[in-house]
Amino acid sequence: METQHFSYDNKIVKYFAYATILWGVVGMLVGLLAALQLAFPVFNFNLAYTTFGRIRPIHTNAVIFAFVGNGIFTAVYYSLQRLLKARMFSDKLSWVHFWGWQAIIVSAAVTFVLGITTSKEYAELEWPIDIAITIIWVVFGWNMFGTILKRRADHLYVAIWFYIATFVTVAVLHIGNSIEIPYSWLQSYPVYAGVQDALVQWWYGHNAVAFFLTTPYLGLMYYFLPKAANRPVYSYRLSIIHFWALVFLYIWAGPHHLLYTALPDWAQSLGVVFSIMLIAPSWGGMFNGLLTLRGAWDKVRDSATLKFMVVAVTCYGMSTFEGPMMSLKWVNSLTHYTDWNIAHVHIGAMGWNGFLTFGMLYYLFPKMWKTKLYSEKLANAHFWIGTLGIIFYALPLYWGAIVQTLMWKEFTPDGLLAYPNFLETITQILPMYHVRVLGGVFYFVGLFLMVYNLLKTAASGKCADNEEASAPALVTSPKRAKGEGWHRWLERRPVQFMVLATVAILIGGAFEVIPTYLVKSNIPTIESVKPYTPLELEGRDIYIREGCNTCHTQMIRPFRSETERYGDYSKAGELVYNHPHLWGSKRTGPDLARSGVPGGKMYKTNVWHFNHLLDPQKMNKQSIMPAYPWLIKDQLKTSNTGAKIRAMTSLGVPYPEGYDQIANDDLKKQADEIAADLKKNGVEVASEKEIIAVIAYLQRLGRDISVKE
Amino acid sequence: MKLVSHYLQSISDVGLFPSISLIIFFSFFMGMIWWTFKKSNKSYFHDMESYALDDDGTTSSSEANE
């Protein structure tokens, strides 16, 4: 057989690895700032660009798409070449991919700081960047498939199945969730509204966790864990079963983010059932990882790399057990909207993704630079302080979540809320927020040790940009050989494999999403539900810009503890003009779905809102809400109002014909009324200021179907 | 949740959705298990388990893999 000589592209791996480290530092530093802001509101700096509502998406996006994203590409570019015994398909595509992805990250950071956001969790990026992501993702897929097609090894190892599933599914999710109508060259409204928007959003959001944070990292585990331990994978049989079960099941589980909301019951049940079943394949993966180390646990004692990997896989197991538990309706009724969510995702992010990335990097640097790790001791120190960091981060939040949710639900013997003031429940758990900062600091110190250690390692060796290799040419046949099982055949047919994986994920997507499309035409029109006025619409867009939905939900669940506190529970029919939905997923402040109902439990006057936005701590000394002084200074931009109305009309929001032409007249009229009311109550402010629009929006919330109380 | 159940009644047999999906998944899963436990695959699986450990073709791969 002819032996072919070629080289592996190590340079691109090196760049992705450096990018992983750089964005890890940035993302976690921003996370630290976010944690500080929740503990001490002074860290919002009274500046638009640095308020929590804008910082939080920077943190989540930086960690997920920048840190883990580059981690994925490091792993794929390193392992794919070696598993297939081939150089990446095209160096040019590799570099377009690398620089394109970094450019997307930078543009994401810039737009978030400026408040340009769609408000949809984990999909906050606006339409031009969405298009860029699509293009770069296709470049990545093209490069990967090109490599697979010109491979020298016939068999596609299990890690590659996970990479393929990742590529296909992320593409489907990203495109499905990002269909939006631009109203300016940077901003847009999603085509979905209300319940539908929430469902599509969490179908995406949940599967971003599944196919961005999980499947590629399982691929990474299947390659790097056996390598680092120098042990075969525990069971290939298990890996086949858990791969297919995982890709097939994950896609159905999204609705578990929307339990007890206005989402149809059957969709909620579907989400619960599939979430529970997900334990099986998830734990299949975990056991396969951990049992790979059977008989090699002595190595774990000596190797920081393996320690990181073991804790990562264990955290994966914990997270994937906790997730299904949180999908049980009664558990969810307690944990949802609390810090339990935050603790849960950080076990995943810090434990599973973070530690697995660190493990990979500790393995990769000595290997690629052909040297020894600069200091095993320092790596061990990183491991211990990082583990402490996770514990100090998560435990206080779990504790705080339980305390707070019980306070929310407690009634006095007379049947009144025991803690009617929301702020009391925050003040009670504030010490937990302080300890959480400490956890973040520990974790970051560990990361810092790693950066130093890896740079020193790299300095002591030399990384060959092109590593020489040789392998026999590929001999393959499209036909199934005699006695060859169908899966065995599939494992060497990449195109068929991809098609089947796509079918597996589409079945779930179809069952979940298509009925919801049908639902749209079935939502009864509630006569009293009207589109937002132009001023309210502008106010809503400022609400989105400032990320108010990060801390304030707009979805009252049908529990007595919630209807007593906030008012009537939220109905699907009143949300039909909400492009996008603003349900939120965490209550750091109270729910605002009925804040505009006159005489309602959440109702506040215009003057109250004015003073509160200007200086929340003046109204409530203990409040942790940031101040928004610029809303009083800045002029409301009305040049886009017409375009916004036109975009909404094209989405089926029933504004009268030609309304876009006269919208600003109505806007002015309503603004003048609010300014006059403020003046009557002793606050002098021009009606052209942004705050007027925000007040108008807050006073509209829940008003349409308000019942006289 | 009256409102929700009201408009859902207009989708015929929506209650079947979770059941159909469960059946699809369950049969797929059982088929998968049956196939992987077929005896004939045993030696093949064994080879595949150490696939990642195989020589990656580089000149230095033998020494670096300790």
Side-chain angles (χ1 to χ4, degrees), chain A residues 6 8 79 81-83 85 152 155 157-159 222-223 226-227 230-238 240-241 244-245 248-249 252 262-267 269-270 273-274 277 367 370 467-471 483 485-488 491 504 507-508 511 515 518-519 522-524 558 571-573, chain B:
Chain A
F6 59 97
Y8 293 129
S79 62
Q81 298 190 74
R82 281 153 180 90
L83 286 168
K85 299 211 170 33
R152 291 188 182 80
H155 180 78
Y157 179 63
V158 50
Y222 272 114
Y223 181 79
K227 278 285 195 196
N230 200 18
R231 306 276 311 173
V233 171
Y234 168 65
S235 164
Y236 206 68
R237 176 183 289 145
L238 188 56
I240 295 176
I241 297 175
W244 285 106
F248 196 87
L249 279 177
W252 306 69
L263 183 76
D265 264 346
W266 65 267
S269 309
L270 202 65
V273 171
F274 277 86
M277 293 202 290
K367 183 121 176 118
K370 304 232 183 308
E467 197 175 359
E468 298 304 324
S470 56
W486 68 270
H487 199 273
R488 211 157 131 185
E491 284 167 43
I507 293 175
F511 268 92
L518 303 175
V519 160
N522 287 310
I523 292 183
K571 324 276 192 299
Chain B
M1 297 262 103
K2 222 174 188 164
L3 197 79
V4 168
S5 48
H6 167 78
Y7 66 74
L8 270 158
Q9 275 156 13
S10 43
I11 303 177
S12 49
D13 302 324
V14 75
L16 283 177
F17 272 73
S19 317
I20 297 171
S21 35
L22 194 66
I23 291 165
I24 294 180
F25 176 74
F26 191 73
S27 33
F28 174 82
F29 193 72
M30 292 322 280
M32 206 73 219
I33 290 182
W34 172 79
W35 180 79
T36 54
F37 277 88
K38 272 189 359 189
K39 254 211 171 102
S40 57
N41 286 319
K42 211 166 175 185
S43 68
Y44 172 67
F45 285 154
H46 192 74
D47 292 345
M48 282 306 132
E49 274 150 20
S50 41
Y51 191 84
L53 298 177
D54 289 355
D55 184 19
D56 58 18
T58 55
T59 37
S60 58
S61 55
S62 45
E63 18 119 17
N65 217 352
E66 32 50 290

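Because the structure is predicted, anything quoted here is derived from the model rather than measured. Note: hydrogens, waters and symmetry copies are ignored here, and every other heavy atom, side chains too, is used.
Between B/Phe45 and A/Tyr236, the angle of the ring planes lies from 30° to 60°, which puts this pair in the tilted group.
Qualifying salt bridge (Lys or Arg N to Asp or Glu O under 4.0 Å) partners for A/Arg82, counting only residues two or more places apart in sequence or in other chains: A/Glu467, B/Asp56. By the ring pair (Phe, Tyr, Trp, His ring centres under 6.0 Å) test, A/Trp486 is found to be paired with B/Trp35, residues two or more places apart in sequence or in another chain being considered.
Taking CZ from A/Arg237 and CE from B/Met48, the interatomic distance works out to 14.5 Å, rounded to the nearest 0.5 Å. Summarising the geometry, atom CD belonging to A/Gln81 is positioned 11.5 Å from atom OG1 belonging to B/Thr58; distances are rounded to the nearest 0.5 Å.
Nearest heavy atom pair, residue B/Ala52 against residue A/Tyr222, reads CB-O, 4.2 Å. In plain terms, the two heavy atoms of B/Leu53 and A/Pro232 that are nearest each other are CD1-N, 3.5 Å.
Contact annotation: the side chain of B/Tyr44 approaches that of A/His155 to within less than 4.5 Å [non-hydrogen atoms, C-beta and beyond].
Top candidate by heavy-atom pairs under 4.5 Å with chain B, chosen from A/Leu249, A/Val158, A/Ile507, A/Leu238, is A/Leu249. Among A/Ala504, A/Ala245, A/Ala471, the residue making the largest number of heavy-atom pairs under 4.5 Å with chain B is A/Ala245.
Looking at A/Tyr8, only its side chain comes within 4.5 Å of chain B, counting heavy atoms on both sides. Neither the backbone nor the side chain of A/Arg152 comes within contact range of chain B; no heavy atom of the residue lies under 4.5 Å from a heavy atom of that chain. Of the two parts of A/Glu491, only the side chain, counted from C-beta on, holds a non-hydrogen atom closer than 4.5 Å to a non-hydrogen atom of chain B.
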**OP:** Show your working on side chain to side chain contact (heavy atoms under 4.5 Å, CB included) between A/Val233 and B/Tyr51 and close with a plain yes or no.
**Re:** CA-CA 8 Å; A/Val233 171; B/Tyr51 191 84; over 6 Å; no
